[in-house]
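Side chains are part of it too, since the values below use all heavy atoms of this structure and drop only hydrogens, waters and symmetry mates. From a predicted model like this one, the values you see are computed outputs, not experimental measurements.
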Amino acid sequence: MARAAPALVTGALLSACASTTVTVEPAAVEPLCDPSATAVVLWATRWRVDQKDVAARESAAATGLSDFFSDGACFAQAQIGRVDALPASSVPNLRGARLIGIEVQELGPTVKLLSSAALVEGGTEVVFRAVRYPTRLQAEPQSVTVHWRHGGPGVVKGVASLPHDLRAALQAGLATGAHAAAPKR
């Protein structure tokens with residue numbers, strides 16, 4: 001029986017079925033990305049009080065944001081900067097560039113033990129708030145909150161995938177208009 005346990009665990013992991021769900025609130029908004037525009041992207045974090053491995057998550061967030069905004073798919077050019085907290089309201093026009101704020105609230109692997117120790121459900125969870133600040137002082141900022149999950153039964157992920165996972169969450173939450181609140185697979 002002891003020899004069968006590793007085979008059962010391996011079989012459960014190999015048969016893992018991962019899926020991705022994305023929730024964007026509010027559900028129907030314009031995409032924040034505009035590949036013909038330039039942008040200044042300010043990002044901050046707002047971790048839980050009991051958040052573990054803050055330095056590793058900060059590094060993963062910096063890499064994921066840089067990777068997402070550097071390829072030109074979201075904006076023709078984007079200048080990225082780390083701030084302690086996002087501005088609360090509008091800011092003056094930055095020479096025609098859009099000002100985007102990203103507040104990362106959750107970035108990490110998740111693991112749940114199911115009915116037995118050999119069965120696990122895990123994956124990655126990303127939660128962030130994105131704000132497009134208006135270029136006119138009278139306008140209101142446009143804000144969305146994105147909750148992205150990738151995983152499922154038998155999936156176990158570590159911190160190595162976090163930059164890629166954040167990039168995928170940014171793509172799902174910022175580059176698509178008329179978001180649907182229903183899960184995407």
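- Dense packing is recorded around CD of Gln51, with more than 12 heavy atoms of other residues, nucleotides or ligands lying under 6.0 Å away.
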Quiz item: Would Leu65 and Leu170 satisfy side chain to side chain contact (heavy atoms under 4.5 Å, CB included), going step by step from the backbone distance to the final call?
Solution: CA-CA 8 Å; Leu65 286 158; Leu170 289 163; 3.6 Å; yes
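- Residues Leu32 and Val127 do not share a hydrophobic cluster, defined by chaining ILVMFWY side chains whose heavy atoms lie under 4.5 Å apart.
- Shown here are the salt bridge (Lys or Arg N to Asp or Glu O under 4.0 Å) partners of Arg57, two or more places apart in sequence or in another chain: there are none.
- Not counting sequence neighbours, Asp84 has no partner by the side chain to side chain donor-acceptor pair (under 3.5 Å) test.
- With sequence neighbours left out, Ser161 forms a side chain to side chain donor-acceptor pair (under 3.5 Å) with Asp165.
- In this structure, Phe128 and Val104 approach most closely via the heavy-atom pair CB-CA, 4.1 Å.
- Listed by first and then second residue, the disulfide (SG to SG under 2.5 Å) pairs involving residues 37-76 are Cys33-Cys74 (not counting sequence neighbours).
- Of the possible polar contacts, none joining the Ser66 side chain to the Ala62 backbone as a donor-acceptor pair under 3.5 Å is found.
- Minimum interatomic distance between Val41 and Ala78 (heavy atoms only, all atoms of both residues): CG2-CB, 4.4 Å.
- Partners of His150 under the side chain to side chain donor-acceptor pair (under 3.5 Å) rule, at least two apart in sequence or in another chain, are Thr20.
- At a threshold of 4.5 Å between non-hydrogen side-chain atoms, the residues Thr124 and Thr110 do not count as touching.
- Ser143 and Pro26 get closest at one heavy-atom pair: O-CD, 3.4 Å.
- Separating the CZ atom in Arg132 from the CG atom in Leu174 is a distance of 10.0 Å, to the nearest 0.5 Å.
- For residues 36-46, the side chain to side chain donor-acceptor pair (under 3.5 Å) pairs, not counting sequence neighbours, are Asp34-Ser36, Thr45-Trp47, Thr45-Glu58, Thr45-Arg82.
- In this structure, CD in Gln142 is found 8.0 Å from CD1 in Ile100, a value given to the nearest 0.5 Å.
- In this view, Gln79 and Val40 satisfy the side-chain contact (heavy atoms from CB on, under 4.5 Å) rule, not counting sequence neighbours.
- The shortest distance between side-chain heavy atoms of Arg129 and Val131 falls below 4.5 Å.
- Pro35 approaches Gly72 most closely through the heavy-atom pair CB-O, 4.2 Å.
- For Ala168, the side-chain contact (heavy atoms from CB on, under 4.5 Å) partners are Trp148, not counting sequence neighbours.
- With sequence neighbours excluded, the residues forming a salt bridge (Lys or Arg N to Asp or Glu O under 4.0 Å) with Asp71 are Arg167, listed by chain and number.
- With sequence neighbours excluded, the residues that form a side chain to side chain donor-acceptor pair (under 3.5 Å) with Glu125 are His147, Arg149.
- Side-chain contact between Leu162 and Ser59 is absent, with no heavy-atom pair separated by less than 4.5 Å.
- Atom CG of Leu42 sits about 10.0 Å away from atom CD1 of Ile102, to the nearest 0.5 Å.
- With rounding to the nearest 0.5 angstrom, the CZ atom of Phe75 is 10.5 Å from the CD1 atom of Ile80.
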Exercise. Mind running side chain to side chain contact (heavy atoms under 4.5 Å, CB included) on Arg48 and Glu106 for me, showing each step along the way?
Key: CA-CA 8 Å; Arg48 297 183 315 268; Glu106 182 65 49; 2.4 Å; yes
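- Listed by chain and residue number, nothing satisfies the side-chain contact (heavy atoms from CB on, under 4.5 Å) test with Ser70 (two or more places apart in sequence, or in another chain).
- Pairing each heavy atom of Ala37 with each of Arg98, the nearest pair is CB-NE, 4.0 Å.
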